[in-house]
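Heavy-atom basis, side chains included; hydrogens, waters and symmetry copies ignored. Every number for a ligand or one of its atoms is a count from 1 in the order of the listing.
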Amino acid sequence: RSLNAVATLGARFGDELLLRATGPQAEEALAAVGRLAGEGFGEPGEARPTGPPGPPAGLPSAAAGLGAAAAPGEVTPPTTPPAPGTVLHGLPGSPGIAVAKAHRLRPAPVEVPDAPAGDADAEWSALQRALDAARHEIGRARAAAATRAGEYDAAIFDAHLLFLEDETLLAPSRAGVMEEGKSAGRSWADAVAAAAATWEALDDPYLRARAGDLRSVGDQVLRLLAGLPARPAPRGSGVVVAGDLSPADVVGLDSEAVRGIACAFGGPASHAAILARSLGIPAVVGAGRALLAVRDGTLLALDGEAGTITVDPPADVARAAERRRLTKAREEEAARERAHLPAVTQDGVSVHVAANVAGLADVGAAVAVGADGVGLLRTEFLFLEADHLPSEDEQEAAYRAAAETLAGRPLTLRTLDLGADKPLPFLPREDERNPFLGLRGLRLSLRHPDLLAAQLRAALRVAAAHDVRVMFPMVATVDELRRAREALDGAREALLAEGVAVPERVPVGIMVEVPAAALLAEAFVPHVDFFSLGTNDLAQYTLAAERGNAEVAALADALHPAVLRLVERTVSAAAEGGRGVAVCGEVAGDPVAIPLLLGLGVTELSMSPARIALAKQAVRATAIARARSLAGEALAAASAAEVRRLCGG
Ligand code: PEP
Ligand code: MG
């Protein structure tokens, strides 16, 4: 009945366990545990007979969503720091230069509220309330992790929830309060410390590291007991160094003090990188395990465009980096001043530079920084933030508010892009072994015709008075698109029959995120008005490297020539049919990649609002004729690194 007790047995893969059960359902209990063992305790993949020890049952070896403490490599980081002047080569996470001291992100210390104990019953009730509040907080973190990193990674929070009801912690806490006259905080802190010490005494380095999980849950309860928010205040300074950062970690950074982010793992499409770009913090990701041996306080020169980190740079290198940082800051200032002007290439081609948004507040922010429209409205935000299924009217109000804020600029509304990787608590679903290859995006919407109809009706009602475009995500086959269009036609006819104003026609597009759609783009041409390349997903499916998996995400580089060939294929099929092609994956906002994308024939870019000003400058610096020959060379390249070199990144 106790996760602490079971896990601190220190049982490892292949160990034999003797189970004994008593009581009325003893047989069933033993049979159930036997079944669990037979199924590998729910761990995905084959069991590992050799190699590093795996996590125990119930404690997935999650990377994303857990913060630095749980990133891969944290278990056995190298111990020798890189020599002064070493250049660590990673991937560009977020543009910009930082020259500052390394700061390893560690959990913030928590004071034990050591006030003298009050009435024992009152102390015990206070602890109960703090445990309830922690349960609520962890539940929210779980939902957020499920959204950003998937169900498997989110399951770590189930283990955290179990800590809150574990008798190994509760029994001594209760005894401390009721029998020893301790305060709730002291009693809980002592119980957590004793349990953590048991974890730390284990041989297995993975299990030893889990003491950190227990302590972080313990601290959360202590903060709540002390009347503090469960989440610590923004933290970090200089260049924050970590294995990987959860989105919550990135959002929790002190934006005043943090100059840059350096991660040993992850790729440019990881959510940490996406958030860093949104927040305008330079970042390098996938820099390798050696980064984790860098000592706190070591000077780092980080180049978020080149994807490099120079450890303890010589004085002249540090000075040069600082000069480039200042030049860039001036360029950015100049770019911001021109952000509201159209982006026109040197040879007179206008490029629509739009924003990707996931919230109504973002729409206003996008307009303020010069967006020519919204090229991707991630409508999931409405559903993920709500505690119920948003009705057609609620959706209509939100989409209308977005359109009104855009004041005539186009709004591209993507229908729900949910799935087991981004689950909705109120939408029933089966567990899937490979959520990214499962029922997500349009596939899911087609399984829930009422949900799709409500969303399309809401979009059509707004489109009657505004420039709204409808875009379907994760389309793999023409048949899916045909069914989606039928749903749109059905929604339109139903509204007409009800006497509701609808536009004559609404432009319809698909996101090209699945290689099949790119390879067969010409078959889609007759059925769409535009294409939008979702290069984040297109890269992960082309390279077979999940974007949320820190171990392989770096492979999913949208500048890989294999991905570029799919872009080229889509663009040429679309151009033949007179259709425009946008890019709305993260690469669209990368100034290094923009000439290449324009050279490939892309006509529109959509990106995080924070990148718009510099992206428009990159368009202005491009001459299409030259960009075309760059594109030709990139298509013939053999690696993403070669393409980046060609692009000058
Ligand atoms: C993409 O896949 O490139 C994309 C823009 O969609 P999302 O990041 O929301 O999956
Ligand atoms: Mg996508």
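Here Met474 has no heavy atoms under 4.0 Å from ligand 1, in either its backbone or its side chain. With a 4.0 Å heavy-atom cut-off, ligand 1 is reached by the side chain of Arg414 but not by its N, CA, C or O. Only the side chain of Arg378 comes within 4.0 Å of ligand 1, judged by heavy-atom distances. For Leu376, every heavy-atom contact with ligand 1 shorter than 4.0 Å involves the side chain, none the backbone. Residue Asn536 touches ligand 1 through backbone and side chain together, judged by heavy-atom distances below 4.0 Å.
Closest heavy-atom contact between Ala573 and Ala521: CB-CB, 3.7 Å. Nearest heavy atoms, Val525 versus Ala574: CG2-CA, 4.2 Å.
Between the side chains of Glu394 and His388, at least one donor N or O lies within less than 3.5 Å of an accepting N or O.
Residues Leu451 and Phe383 are in side-chain contact: their nearest non-hydrogen atoms beyond the backbone lie under 4.5 Å apart. Side-chain contact between Leu446 and Glu480: present, with at least one pair of heavy atoms (C-beta onward) separated by less than 4.5 Å.
Separating the CG atom in Leu439 from the CG atom in Leu418 is a distance of 11.0 Å, to the nearest 0.5 Å.
Within the set Glu513, Gln540, Met511, Arg440, the minimum heavy-atom distance to atom 2 (O) of ligand 1 is found for Glu513.
Assignment of Met607 to the shell around ligand 1 is not supported, since no heavy atom sits closer than 4.0 Å.
Counting only distances under 2.8 Å, and ignoring water, the protein N, O or S atoms around the Mg ion (ligand 2) are Glu513 OE2, Asp537 OD2.
An N or O contact shorter than 3.5 Å links Thr535 to ligand 1 by distance.
By the 6.0 Å contact criterion, CD on Glu576 is open, its count of non-hydrogen atoms from other residues, nucleotides or ligands being 12 or less.
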